[in-house]
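Everything on this sheet refers to the single structure shown next.
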Amino acid sequence: MKGKTGVRRIINALGYSWDGVKAACEEAGFRQLLWLNGTLLLLALCLPFGLAVQLVLILASCMSLAVELINTGIEAAVDHTSLDKHDLAKRAKDVGSAAQYLTLFMLALLWLLAVWRTFVAA
């Protein structure tokens, strides 16, 4: 059997997740994304967007942070395995980075569309 069960397992999982967020905050890229997405969250709630638009913008920001957490985990796992240059290690890191940039592209596109439809095309 694996560890605790029930409520204790959930509490432990929350602690491990919090440890992961703290570890990610040691990375400059993650801290920058926190500031960016925190600012975008405030703007999404303060600007006169409809509820559906607000929810989509908030979801996109959360996705950006989640993908960065995964990317940071991939980089840590690869670096733990070996710091030597290897084609597969580079591929793993590059794919994680590409996933983050795709998410940031989506975030920027959604914001541009939301601002355009609310303030320009209205």
May I ask whether [X] and [Y] are part of the same hydrophobic cluster, defined by side-chain heavy atoms of I, L, V, M, F, W, Y residues being less than 4.5 angstrom apart, directly or through others?
X	Y	result
Leu110	Leu33	yes
Leu109	Leu36	no
Val115	Leu113	no

For [X] and [Y], work out which heavy atoms get closest and say how close.
X	Y	answer
Thr118	Phe49	OG1-CD2, 3.2 Å
Thr103	Ala99	OG1-O, 2.8 Å
Arg9	Lys4	CB-O, 3.6 Å
Leu47	Trp111	CD1-CZ3, 4.2 Å
Phe119	Pro48	CZ-CD, 3.6 Å

Give every donor-acceptor pair under 3.5 Å between a side-chain atom in residues 51-74 and any protein atom, sequence neighbours left out.
unit_1: Gln54; atom_1: NE2; unit_2: Ala44; atom_2: O; d: 2.9
unit_1: Ser61; atom_1: OG; unit_2: Asn37; atom_2: OD1; d: 2.9
unit_1: Ser64; atom_1: OG; unit_2: Gln100; atom_2: NE2; d: 3.2
unit_1: Glu68; atom_1: OE2; unit_2: Thr72; atom_2: OG1; d: 3.4
unit_1: Asn71; atom_1: OD1; unit_2: Ser97; atom_2: N; d: 3.3
unit_1: Thr72; atom_1: OG1; unit_2: Glu68; atom_2: O; d: 2.9

Open item on the list: Working to the nearest 0.5 angstrom, can you tell me the gap between Leu40 CG and Trp35 CH2?
Closed with: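 If we round to the nearest 0.5 Å, Leu40:CG and Trp35:CH2 are 13.0 Å apart.
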Open item on the list: Let me confirm one number: the OG1-CG distance from Thr39 to Leu34, rounded to the nearest 0.5 Å.
Closed with: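 Taking OG1 in Thr39 and CG in Leu34, the distance rounds to 10.5 Å.
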- [ ] Sequence neighbours left out, what pairs pass side chain to side chain donor-acceptor pair (under 3.5 Å) with at least one residue falling in residues 11-29?
- [x]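 Checked against side chain to side chain donor-acceptor pair (under 3.5 Å) - neighbours excluded - the pairs reaching residues 11-29 are Arg8-Asn12.
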Open item on the list: Tell me whether the count of non-hydrogen atoms from other residues, nucleotides or ligands lying under 6.0 Å of CZ in Arg31 goes above 12.
Closed with: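 Enclosed: over 12 neighbouring heavy atoms sit under 6.0 Å from CZ of Arg31.
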Open item on the list: I'd like to check the side chain to side chain donor-acceptor pair (under 3.5 Å) partners of Asp94; sequence neighbours left out, ordered by chain and number.
Closed with: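 Listed in chain order: Lys90.
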